[in-house]
Amino acid sequence: MDIFKVRFSDKFSIIRNISEDTLDIKIPKLLIEPIVENAINHGIERVSRQGVLVINSFIKGDDFVIEINDNGIGMKKEELNNFIERLNDKEDDAEGSIGLINVNKRIKLFYGEEYGLRIESEYDKFTKVTVKISRDHINRGRENISCIKS
């Protein structure tokens, strides 16, 4: 985040709503970074207004949820539907837009098919990426994990 803040100066602000009970949860490394990078590079950077990036983490039932919201350019309906289709295509070779597709595949590999990314977007308004992970399997693959507070 510090690198992005230097690169984009005053182009955007960051709001973190990190629930206290999620601070020590360990997740696979580089799970959140590609999502934040996409929000800035493909969303906020493309608008003239002041960008806002909101990162939320919380427990919901049996799941650990991380939301990355931006008020960037968003996606048109057809673009969003095409991306969601690619995101859920098990055979997609991830050419172009590889960051989120790879993150989604990694989540499914670590936690199961019912987990992964959900994307909502409205053109010229926002994009929201929701990461859902099972609380029962949070510390799987301990050699490749880091805390959200890192």
task: Find out whether V129 and N38 are in side-chain contact, i.e. whether some heavy atom of one side chain is under 4.5 Å from a heavy atom of the other.
output: no

- prompt: Should I18 and V54 be regarded as members of a common hydrophobic cluster, given that ILVMFWY residues are connected when their side-chain heavy atoms come within less than 4.5 Å of each other, either directly or indirectly?
  reply: no

- line: Rounding to 0.5 Å, atoms CD (E120) and CG (N69) come to a distance of 8.5 Å

- request: With rounding to the nearest 0.5 Å, note down the distance linking OH in Y111 to CD1 in I133.
  value: 4.5 Å

Side-chain touch F12/E45, heavy atoms, less than 4.5 angstrom: no

- request: Quick one: closest heavy-atom pair of L30 and R106, and the distance?
  value: O-NH1, 3.3 Å

- request: Establish whether F110 and L31 are linked, either directly or via other cluster members, by ILVMFWY side-chain heavy-atom contacts under 4.5 Å.
  value: yes

- line: Taking every heavy atom of G72 against every heavy atom of V47, the minimum-distance pair comes out as C-CG1, 3.7 Å

message: Run R49 and D124 through side chain to side chain contact (heavy atoms under 4.5 Å, CB included) and show every step you take.
response: CA-CA 11 Å; R49 65 181 169 266; D124 202 30; 3.3 Å; yes

- prompt: Under 6.0 Å from the CD atom of E114, do we count more than 12 heavy atoms belonging to anything else shown?
  reply: yes

message: I'd like to know if L87 and L80 are part of one continuous hydrophobic network [Ile/Leu/Val/Met/Phe/Trp/Tyr, side-chain heavy atoms within less than 4.5 Å].
response: yes

message: Check whether N88 reaches the backbone of I84 with its side chain - one donor and one acceptor, N or O, closer than 3.5 Å.
response: yes

- line: Shortest non-hydrogen pair, L117 vs N104, comes out as N-OD1, 2.7 Å

query: Looking at NZ of K26 and CG of D24, how far apart are the two atoms once the value is rounded to the nearest 0.5 Å?
result: 7.0 Å

task: Could you check N17, T130, T22 and say which one makes a side chain to side chain donor-acceptor pair (under 3.5 Å) with N56?
output: N17

- prompt: To the nearest 0.5 Å, what is the distance between CZ (R46) and CG (D70)?
  reply: 11.0 Å

- request: Can you measure from CD1 (I44) to CD (Q50) and round to the nearest 0.5 angstrom?
  value: 8.5 Å

message: Nearest 0.5 Å, please: how far is CG in L100 from CD1 in I119?
response: 5.0 Å

- prompt: Which atoms form the tightest heavy-atom contact between L53 and A39, and what is the distance?
  reply: CD1-CB, 3.7 Å

message: Applying a strict under-4.5 Å side-chain criterion to I, L, V, M, F, W and Y, I'd like to know whether I55 and I59 cluster together.
response: yes

Side chain K132, main chain V65, donor-acceptor under 3.5 Å: no

Stepwise side chain to side chain contact (heavy atoms under 4.5 Å, CB included) test for I35 and I66: CA-CA 11 Å; I35 302 169; I66 303 167; over 6 Å; no

field: Side chain to side chain, Y115 and D63, heavy atoms closer than 4.5 Å
entry: yes

field: Nearest heavy-atom neighbours spanning T127 and S121
entry: OG1-OG, 2.9 Å

message: Let me check something: do V103 and M75 share a hydrophobic cluster, defined by ILVMFWY side-chain heavy atoms less than 4.5 Å apart, either directly or through other members?
response: yes

- line: Between F64 and S57 the two heavy atoms that sit nearest each other are CE1-CB, 4.0 Å

field: Within 6.0 angstrom of E78 CD, more than 12 heavy atoms from elsewhere
entry: no

